[in-house]
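Notes to accompany the following structure.
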Amino acid sequence: MVSKLRVWLSHENVSKDLLLLLLIGGLYSLGIFLSSTFVNIYLWKQSNSYIDIALYNLAIYVLQPITFIIAGKCAKRIDRVIVLRTGVTVLSLFFLTVLLVGERAATFNIMLGSLLGVGYGFYWLAYNVLTFEITEPDTRDFFNGFLGVLQSLGGMTGPLLAGYIISRLNNFTGYTVIFTISFGLFIVAVLVSFGISRRKAKGHFSFRRIVTERKNNSNWRRILNAHVSQGFREGTFLFAVSIWIFLMTEDELSLGVFNLVYSGFSFLFYFLVSRWVKPRRRKKAILISGLALYLSVLILLFSDTMALLLIYAGVAGVFFPMLYVPYISLTYDVIGKSWNAAEMRIEYIVVREIFLNFGRVLSIVIFLFAITFIPPETGIPYILLLVGGGHFFIYFFVKGIDTQCKESTHN
């Protein structure tokens, strides 16, 4: 079966572990896309409070980097596949908890956000480290591109199915159904993880050493600054856009259709970008896509019909793959050529995630501060314009990166 998949994917040199990691990524994406967007709507319908939604997301992004540090220490001492399995298990427990608290979920918003942050921390630490280890420079763009295809498939089918189910069932019954399905998908992902070869790391967890490596390695400093910029947009956009669309349409199915259009374009362009964007074109692709994504915020803010919302979804679906595939590959190349990368790859992943989540936390703190003094309906457009430039400014941090030679450093 693995050999047939290799032929179908036109990559004879992909390993079984790489294919299993892609499968886990696909199951994760479907489970998350099926429910994560609607958790925010679920909480909103219970509390009608932007502050409650923002605090839920803030708890995620505060606990996620803390968990990354803990997971990093664990990955230095135990099998990293076990760390991955722990993350998926905690994510399944998150959905189980949502099911148990039911219509009181908004009361437990910080607890739920914290649980999700812990799950994300363990999962993404292990997944990123395994990606770094299992892929090679010649399979990295393929892996990131095909993972994007799977994520887009999850984004196409998950929200649309969830929106349809929720709109057809009374009260909160539909939410219970989709959270149950997500719980089941994560259980399957846990089982699939048993097929990945055991991978252990040696050495001490030198987290602080890799933080200070910014002083010695300009490429590392630039890519970390880029991740703060990335997080600055994501922190608010990951929840505010879905609430914005729901308030305009007052229909979960419309939100599902929006995600279908977005993910449909993403599906196509993740597939194409993985073949078109070669290493020499990465920075140009990052610049063009970052600018397009910033300008697309104007379409979102001036949207007063579903048609305009779908145009925004299509634009975002085209340019997010053009940004993320070369940007993620560039990040791994920088890490791969940094000081002691083979032994310290876990520390590099942890530090990167801390800077990314710092940007997200900063974004949400600005959001909370703004809506405290300005009515949300008035303030949110200005907030989105402010944080929406995060992806555009990535280019100005990465344009000076040179991955052709290994940077010298000292202890």
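Just so you know, these numbers come straight off a predicted model, no measurement behind them.
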| Phe68 vs Trp124, ring-ring contact (aromatic ring centres under 6.0 Å, His included): CA-CA, chis, key distance, verdict | CA-CA 8 Å; Phe68 253 77; Trp124 281 114; 8.7 Å; no
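Relative orientation of the Phe186 and Tyr28 rings is perpendicular, given thresholds of 30° and 60° on the angle between their planes. Between Phe258 and Tyr312, the angle of the ring planes stays under 30°, which puts this pair in the parallel group of the 30/60° scheme.
Put simply, the side chain of Asn217 gets close to the backbone of Trp220: a donor and an acceptor are under 3.5 Å apart. Panel note: side chain Arg233, backbone Gly388; a donor-acceptor pair is recorded below 3.5 Å. Tyr127 places no side-chain N or O within 3.5 Å of a backbone atom of Ile24 that could act as its donor or acceptor partner. Judged by distance alone, with hydrogens and angles left aside, the side-chain atoms of Ser296 form a donor-acceptor pair with the main-chain N or O of Leu293 at under 3.5 Å. Formation of a donor-acceptor pair under 3.5 Å by the Glu353 side chain with backbone atoms of Pro65 is not found in this model. Of the possible donor and acceptor atoms, none in the side chain of Lys76 sits under 3.5 Å from a partner among the backbone N and O of Phe205. Looking only at distances, a side-chain donor or acceptor of Asn109 sits under 3.5 Å from a matching main-chain atom of Asp52. Listed for the Ser363 side chain is a donor-acceptor partner under 3.5 Å among the backbone atoms of Phe232. With hydrogens and angles ignored, the 3.5 Å screen pairs a side-chain donor or acceptor of Glu347 with a backbone N or O of Ser206. No donor-acceptor distance shorter than 3.5 angstrom exists from the side chain of Ser303 to the backbone of Thr305, with no hydrogens or angles considered.
Side chains of Asn40 and Ser242: a donor-acceptor N/O pair is absent below 3.5 angstrom, by distance only. Under 3.5 Å, the side chains of Glu252 and Tyr164 contain no donor-acceptor pair of N or O atoms.
Aromatic rings from Phe320 and Phe269 are positioned such that their centres are separated by 6.0 Å or more. Phe239 and Phe367 have their aromatic ring centers within a separation under 6.0 angstrom.
The local environment of OH in Tyr50 is crowded, with over 12 non-hydrogen atoms from other residues, nucleotides or ligands closer than 6.0 Å.
Comment: Asp333 engages Arg282 in a salt bridge, judged by a side-chain N to carboxylate O separation of less than 4.0 angstrom.
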